[in-house]
Novice: 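One structure coming up, written as C-alpha cells, with questions to follow.
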Amino acid sequence: MLPETVMERYEAETIELMWQGVWERERAFSVPNPTAPDEADERRTYVLEMLPYPSGELHMGHVKNYTLGDVLAHVRRRSGYRVLRPMGYDAFGLPAENAAIREGGHPRVVAERNIAAIREQMHRMGWAIDWDREVSTHDPSYYRWTQWIFLRFFEQGLAYRREAPVNWCPVDQTVLANEQVIEGHCERCGAEVEMKRLEQWFFRITAYADRLLEEMDLLESWPEHVLTMQRNWIGRSEGSEIVFRIEELDVDIPVFTTRPDTLFGATYFVLAPEHELVPKLVEGTHHEQQVMEYARHAAARSAVERADPEKEKTGVFTGRFITNPVNDELLPIWVADYVLMEYGTGAIMAVPAHDDRDYEFARRYELPVKVVVVPADGELEEGAAYVGHSEDERLVDSAQFSAMSSAEAKTAIVEWLESRGLGRPAVGYRLRDWLLSRQRYWGCPIPILYCDGCGIVPVPDADLPVLLPEVDEYLPKGRSPLAAAEDWLRTTCPRCGGDARRETDTMDTFVDSSWYFIRYCDARNDDAAWDPAIANYWLPVNQYIGGVEHAILHLLYARFFVKVLNDMGLLAFREPFLRLFTQGMIHYLGAKMSKTKGNVVSPDEMVERYGADAVRLYILYMGPAEDDIEWQDAGIEGMSRFLGRLWRLGLEVAERGPVEAPSGAPLVRRAHEAIAKVGDDILRRFQFNTPIAAVIELVNDVYLVKDDPERAGEVRFATETAVSLIQPYAPHLAEELWERLGGGRLWKEPWPQADPALLERETFELVVQVNGRVRDKVEVPVGLSEPELLARAKELPRVRAHVDGKEIRREIVVPGKLVNFVV
RNA sequence: GCCGAAGUGGCGGAAUUGGAAGACGCGCUGGACUCAAAAUCCAGUGGGGCUCUGCCCCGUGCGGGUUCGAUCCCCGCCUUCGGCACCA
C-alpha cells in the first residue's frame, strides 16, 4: 500500500474536464440515424427530458432532471440499446423579451447569450447527450417547421380565428391562455387579469377531448395523479341539453345540465351576463337600464373578482319568464355572474333544492326552493341543497316520473323531451380551445396574411419561414410590436397579387414545445420537418422525465399535436410519451428555491467546490426522485467523501495489479448482489437513490478486508464492480479509475450482469418467532425441509425459554425466511 | 369544498410479494494515527428498563380492525403538501 502522503489526491475538476474532452473527441454519445430505420427495432430507446427554458443559469431542478435521464441513458446504452438522448432550448418567450426590454438589446441576443451559458454548464455536468441534434425553438431552421405545422392545422380547420373575450394582462400587455391565469392573476407577473374582446387564434383541442381521455389507455406508465389532473382538466361530464322557450319573444334557449332528473325542481332560470340574448330580453322594458348596467359591470369584472369563491353571487331579474318544457311552468329569468358564458350554453335552469350554487342564490334573492328528490328515509338537511345521492332516493312531485330513482328519471325525462324535440343527451367539457396568439415580439410569427379581397390567406409553404422582422420597440402597446415593422407588414397576396398585411401576433411558446421531440429525430433535415421513417423509428419516447408542473398543459398539448399529426398520416403513433416520470422539486431552507427568496443553491458553485460527479451523485441520493426534497449542504459533503473513498481504493487496487478472483468468494458474491440490486432498482423500479447506497455498502465491505493479501482477488473484483456500477452516476471518476485499473472505455463496457449462481446462498439466517415476536436467529443451510427447520428452531435456548411448558398450537414456516410458533 | 399524494430516529431516507423496522448518508460519541489539528481509518449511536458477556418492554401521525405476524391490507380521524375550485 502506498503511504498516504504519496497517494494521489482526487482532483475532480482536472479529471472531469479531461474526460469531457475525450467524450467530445471520440463522439462518445452521438447516435446517428440508421440508414434503413426499422420501426420494430427492439434495441433502440428514446430517453427524453423536458426542454429547458434557457434563463441564463442552470438550476438544481435541471441538474436533477438531466442527471436522472443521464443515469438511465448510460445503463440502457451499456445494456446494448441505441439510445437517443438529445437536448435543445425553449428559447422564445416573455422572459427573454422582458430582459431585453429591461437591459436594452435584442431578445435574440439575450436568448443566445443564455443558451451559450446553459450549454456550457450542461457540458460541465458531463451529461451524455447527442449534441449533433441540438435545436433551439427560436432558430428559423426550427420555427420554419413550427409554422409549417400551424399551416397543416389551419388546413384541417384545427387552427381558427374568432373574436373572444380574452384574459388580458395589463402589465405584460398581452393575452393569456386560461391556463396562464392563476386565481385571476397573470402566471408570470402576478398582475390582476382583465377581460377584453379581441380577434384571436385558437387550436381546436376540444375536438380531441374524448381522444385525449380514451387514448390514455395507450400509455405504458404515467403517474396516476398526472392522468387524474388531465382528466379533471378536460372535465368531461355527461348530461343533456334541454330547450326552454320564451313564448312572447318566440325565443328558444337551450341549457346544459347533468341533472335532468331535477327538472321539475327548477324554480328560476339564469343567463350569463355576456349571453347574447340579454339585450333582446330587456329591450324597451323598464328593466332594461338596470339589467344592461349589471351585465356590463359583471362582464367587465376581472377574473379574480369573479372567481373568488368567498364572493357572494349577484344577479338581477330581467322581468321575463321562460317555460319549463316538462310542465309548462313559467320561471323568472335572471342574469347572474355565477353563470359562465364559456361553459355549456351560457344559460342554466336553476334547481335550488338540488344544487349548492342555485340554493345560495335562491336564499339571497328569496326565490322558491322546490324539492323533487328525497332520500329513502325522507330526511333532508335543513338549510342546504340535497346534492348527494343515496341508494333508495326517489323523485317526488315530478308528474309521471315521481317514484323513479334519479338514474331512471335521468333517462326517462330526456327520452320524453327528445321525443318532443325539446332535449337530447349531451356532453360538456371543462376544456376550452387553446388560445395560441400572443401580442408579443419574441415568438414564432403566425404564417397568415390578410388580403382585402381574399380574406385570411395562409402563407405558402415555399415562403416559409416567415422571419421575425427587426423592430426598435419590443414593448407592446396593446398590439403586437410586429405591427410597427411597416416593410415587413405589407406584402402581396399569393392568391390575387393584391395588397395584403401579415398577421402580427406570434405564437404561444407551448406551440414550439409541442413537437420538439419529433424534430430531434431528424434535426438537420432542411427539406421537411422530419422524415416519417426516422420519426417512426425513434418515437414514441420510451421514457419522458420532467417536472410535475407540466402535468397538464405541455403534456396535454404535445399529446394533442401527436394525435393530429397521426390523423394526417405524418406520424404512425398516437401518443408521444409512453412512460412519464415526474420528478419532485428541490427545496432549500424550507422553501422552493427561488431567486426572489434568495435561497438558491447554485450548481456552478457546487461543481466548483465538489466536482460534477459529487453533485450528480448527491442530487439523486437525496431521496426518491419523485419526491420533493430538501437540499442539505452536509449531504453533498458525504457524497464527496464517498468518491474520495472509492478513489483511494481504486488507486490502491490498481497499484497492486491484476489478481484473479476466486469464484464464490464472499466479496465476489457481495459484488454480484450489488449488480443485481443496482440494475433492478434503476431499470425496473425507477429508483435512483438506493443503488448508490448499494455501491457504498459494497465499498464499505471491501474496506474491511482490503489489506488482507489472501483476499486481493476478490477485493479487486469488488472494486472493479463498484467502479462500473457507479459509472452512470459519476462517469468521470469511474472512467479514470477504470482506465487505471487497466480497462478501456467504460462507457462502452457492457453493463454488468449478475450471475444467478452467485446470488444463491448456501445458508441463510432463519428468524425464529414466538407469537410473532422475534426471539432468535440461526444460520441454517438452504434447502432444509419444514420439519427440519422447525426442529432447528426448537433447539434454540431462547426459543425454549418462551415455548417450554406451553402448548404449541400452531407452527408457521416461511421457507427461506422464518418460522413462528404460536403458543 | 372536491380530487390526489404523503406522514418512519436528532436530520435526509431504507425496508421490492404481509415476514428481523431504521439499510445508506448526515450529525453525534469514543478510539487509532498526529507534537497538534485537519484529513483518514475503526467502533458505537430509536426510546425505556433490568438480575447488563446478556435479556425484557415500548416504538413507523392518532384510534380501531383483519392476521400466527401489519410501516405495508381495511375502517374512522388528524396534519402537511399538490391539483382543481361557481364547469350547471
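Just so it is clear: chains get the letters A, B, ... in the order the sequence lines come, proteins before strands, and each one is counted from 1.
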Novice: Does A:N689 reach a base, just sugar-phosphate, or nothing at all? Heavy atoms under 4.0 Å.
Specialist: sugar-phosphate

Novice: Which part of the nucleic acid, if any, lies within contact of A:P624, taking any heavy atom under 4.0 Å across all strands shown: a base, the sugar-phosphate backbone alone, or nothing?
Specialist: sugar-phosphate

Novice: Can you tell me the distance, in whole Å, between the OH atom of A:Y618 and the P atom of B:rG25?
Specialist: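 It is 14 Å, rounded to the nearest whole Å.
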
Novice: Check whether any side-chain nitrogen or oxygen of A:Y343 sits under 4.0 Å from OP1 or OP2 of B:rA88, and answer yes or no.
Specialist: yes

Novice: Report yes if a side-chain nitrogen or oxygen of A:N700 is closer than 4.0 Å to either non-bridging phosphate oxygen (OP1 or OP2) of B:rA23; otherwise report no.
Specialist: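 No.
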
Novice: Can you tell me how far the CD atom of A:E630 sits from the CD1 atom of A:I586, to the nearest 0.5 Å?
Specialist: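 CD1 of A:I586 is found 10.5 Å from CD of A:E630.
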
Novice: Rounded to the Å, how far apart are A:L643 CG and B:rA39 P?
Specialist: 17 Å

Novice: A:K777 versus A:V768: any side-chain heavy-atom pair under 4.5 Å?
Specialist: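 Result no, sub-4.5 Å side-chain heavy-atom pair not found.
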
Novice: Round to the nearest Å and state the distance from A:Y703 atom OH to B:rU40 atom P.
Specialist: 10 Å

Novice: Nearest of B:rG19, B:rA85, B:rC57 to any side-chain atom of A:R775?
Specialist: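 The answer is B:rC57.
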
Novice: Please give, in whole Å, the distance from B:rG82 P to A:H550 NE2?
Specialist: 17 Å

Novice: When syn is taken as a glycosidic angle within 90 degrees of 0, is B:rG9 syn or anti?
Specialist: syn

Novice: Base, sugar-phosphate alone, or nothing: which one does A:H354 contact when heavy atoms must sit under 4.0 Å apart?
Specialist: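 Nothing, no nucleic acid heavy atom in range.
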
Novice: Measure from CZ on A:R809 to P on B:rC68 and round the result to the nearest Å.
Specialist: 10 Å

Novice: Check this one for me: any side-chain N or O of A:R430 less than 4.0 Å away from OP1 or OP2 of B:rC2?
Specialist: no

Novice: Please figure out whether A:V814 or A:Q632 has its closest RNA chain B nucleotide nearer the 5' end.
Specialist: A:Q632

Novice: Distance between the P atoms of B:rU60 and B:rG47, in whole angstroms?
Specialist: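 About 15 Å, rounded to a whole number of Å.
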
Novice: Between A:R259 and A:D355, is the closest basic N to carboxylate O distance under 4.0 Å?
Specialist: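 Salt bridge absent between A:D355 and A:R259.
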
Novice: Under 4.0 Å, counting only non-hydrogen atoms across every strand here, what does A:E630 touch: a base, just sugar-phosphate, or nothing?
Specialist: nothing

Novice: Is the distance between the ring centroids of A:F510 and A:W434 under 6.0 Å?
Specialist: no

Novice: Just checking, A:R579 and A:W222: is the charged tip under 6.0 Å from the six-membered ring centre and within 45° of the axis?
Specialist: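 Checked: cation-pi criterion not met.
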
Novice: Are A:E360 and A:R363 within salt-bridge range, i.e. N to O under 4.0 Å?
Specialist: no

Novice: The test is side-chain contact (heavy atoms from CB on, under 4.5 Å); show your working for A:Y338 and A:V270 and say whether it passes.
Specialist: CA-CA 9 Å; A:Y338 78 97; A:V270 191; 3.9 Å; yes

Novice: Rounded to whole angstrom units, what separation is found between the CG atom of A:D628 and the C1' atom of B:rA5?
Specialist: 10 Å

Novice: Let's test your reading of the pairing rules: Watson-Crick or G-U wobble, both distances under 3.5 Å, then write RNA chain B as a dot-bracket string with ( ), [ ], | and dots.
Specialist: (((((((..(((......[....)))((((((.......))))))(((((...)))))..(((((..]....))))))))))))....

Novice: 5'-most contact on RNA chain B: A:H225 or A:R684, nearest heavy atom basis?
Specialist: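 Closest to the 5' end, via its nearest nucleotide, is A:H225.
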
Novice: If we ignore angles and hydrogens, is there a donor and acceptor under 3.5 Å between the side chains of A:E637 and A:S640?
Specialist: no

Novice: Calculate the interatomic distance between A:F642 atom CZ and B:rC24 atom P; express it in whole Å.
Specialist: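 Rounded to the whole Å, the gap is 13 Å.
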
Novice: Where the side chain of A:Q687 is defined as all heavy atoms beyond and including C-beta, which of B:rA15, B:rC55, B:rA88 is the nearest nucleotide?
Specialist: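 Among the listed nucleotides, the one closest to the side chain of A:Q687 is B:rA15.
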
Novice: Rounded to the nearest angstrom, tell me the gap between atom CZ in A:R9 and atom P in B:rU40.
Specialist: 9 Å

Novice: Would one find a side-chain N or O of A:R641 under 4.0 angstrom from OP1 or OP2 of B:rG27?
Specialist: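 Answer is yes, contact under 4.0 Å.
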
